[in-house]
Amino acid sequence: MGRIFDVFVLNILWLLCCLPVVTIGPSTTAFFYAMIQLVRGGDTSVSKDFFHSFRQNFKQALCLGVPLTAVGAFLALDVSMSRRAGTGIFTFFMVFFAVVFLFWAFLTLYAFPLLAKFEKSNKDILIWAFTLSIKHIGKTLLMMLVLAFGLWACHILPGLIFIAFGLVGEFIASMMISILKPYLPNVGEEEELKPLSFQVEEEKMEALNKEETDLPREKVPSEKTEGKTP
């Protein structure tokens with residue numbers, strides 16, 4: 001019951017913090033931070049994790065969430081209008097916008113969990129989100145299917161909105177952990193309530209710095225030292 005209660009609490013916190021609509025980004029980022037912590041089995045308080053991440057990532061998540069929400073609403077409206085307009089050229093537009101909406105969904109599905117766990121610019125987050133969504137297309141489609149089922153269930157039984165998103169989020173978080181496993185440290189090594197950096201990239205930079213240190217100064221190519229900071 002403890003795990004279910006934590007999922008329920010996160011579901012409620014996410015709904016409440018999404019109410020102004022523009023805060024969907026910070027709320028979703030905080031939701032996935034706390035959910036990933038919960039699924040990984042660390043010593044955690046879901047409400048503490050949620051609000052810490054909400055405050056810590058508020059500005060960046062807001063700048064990411066508002067454009068993504070606007071683009072998603074625009075694409076969904078275009079699909080709906082094209083479907084109602086009839087056949088012919090409108091069928092083409094409906095299929096076109098539906099495909100673009102699908103790729104938008106892929107991007108959004110990964111963007112907020114990545115923002116929750118990694119210290120990177122929004123541009124890097126979006127690029128990595130798209131790359132991972134295509135690289136793990138099977139898991140991406142499975143997560144989309146579960147999300148679509150959750151939305152359908154809430155449409156049939158509106159009362160499920162208070163728990164369904166939490167359960168779907170728990171499933172997505174578990175899938176994200178398996179996808180991001182090469183980049184995440186062990187639970188015991190993770191700094192408490194702080195975003196992580198790309199470990200693989202850091203290792204490459206450390207190796208590069210070591211090579212530069214080992215070379216004679218006059219033989220170090222100048223372009224390797226310009227604008228390259230860890």
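Values in this document were obtained by computation on a predicted structure and should not be read as measured data.
Counting heavy atoms from C-beta outward, I172 and F32 have side chains that approach closer than 4.5 Å. In this structure, the side chains of V46 and F8 stay at 4.5 Å or more apart for every pair of heavy atoms. Considering only heavy atoms from C-beta on, L132 comes within 4.5 Å of L180 through its side chain. At a threshold of 4.5 Å between non-hydrogen side-chain atoms, the residues F50 and C17 count as touching. Contact of the F130 side chain with the F103 side chain is registered, since non-hydrogen atoms from C-beta on lie closer than 4.5 Å. Between F118 and D124, the closest side-chain pair of non-hydrogen atoms is not below 4.5 Å.
Residues F54 and S27 come closest through the heavy atom pair CE1-N, 3.7 Å. For I24 against T28, the heavy-atom pair with the smallest separation is O-OG1, 2.7 Å. Between A111 and A129 the shortest heavy-atom distance is N-CB, 3.9 Å. Closest approach of L10 to A34, counting heavy atoms only: CD2-CB, 3.5 Å.
Under the 30°/60° scheme for interplanar angles, the aromatic rings of F96 and F92 are found to lie parallel. Using cut-offs of 30° and 60° on the angle between ring planes, the pair F31 and W14 is tilted.
Interatomic distance, CD1 of I4 versus CG of N11, reported as 11.0 Å (0.5 Å rounding). Put simply, CD1 on I125 and CG on L114 are 5.0 Å apart, with the number rounded to the nearest 0.5 Å. Rounding to the nearest 0.5 Å gives a distance of 9.0 Å between CG of L77 and OG of S82. L109 CG to W104 CH2: the interatomic distance, rounded to the nearest 0.5 Å, is 10.0 Å. One distance of note links CZ of F51 with OG of S45; it measures 10.0 Å at 0.5 Å rounding. Atom CG of D6 sits about 12.5 Å away from atom CD of Q37, to the nearest 0.5 Å.
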Show me, pair by pair, the donor-acceptor contacts under 3.5 angstrom made by side chains of residues 138-167, not counting sequence neighbours?
{"residue": "K139", "atom": "NZ", "partner": "S178", "partner atom": "OG", "Å": "3.2"}
{"residue": "T140", "atom": "OG1", "partner": "Y110", "partner atom": "OH", "Å": "2.7"}
{"residue": "T140", "atom": "OG1", "partner": "S133", "partner atom": "O", "Å": "2.9"}
{"residue": "T140", "atom": "OG1", "partner": "H136", "partner atom": "O", "Å": "2.9"}

In residues 59-66, what donor-acceptor pairs under 3.5 Å come from side-chain atoms, sequence neighbours left out?
{"residue": "Q60", "atom": "NE2", "partner": "K120", "partner atom": "O", "Å": "2.6"}
{"residue": "Q60", "atom": "NE2", "partner": "N122", "partner atom": "OD1", "Å": "3.0"}

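Counting heavy atoms of neighbouring residues, nucleotides and ligands inside a 6.0 Å radius, atom CZ of F93 does not exceed 12 of them.
By the criterion of side-chain heavy atoms lying less than 4.5 angstrom apart, applied directly or through intervening Ile, Leu, Val, Met, Phe, Trp or Tyr residues, F106 is not grouped with I127; the two fall into different hydrophobic clusters. Hydrophobic clustering keeps M81 apart from V71 (ILVMFWY residues linked when any side-chain heavy atoms are closer than 4.5 Å, directly or through intermediates).
By the side chain to side chain contact (heavy atoms under 4.5 Å, CB included) test, A173 pairs with M35, I36, V39, sequence neighbours left out.
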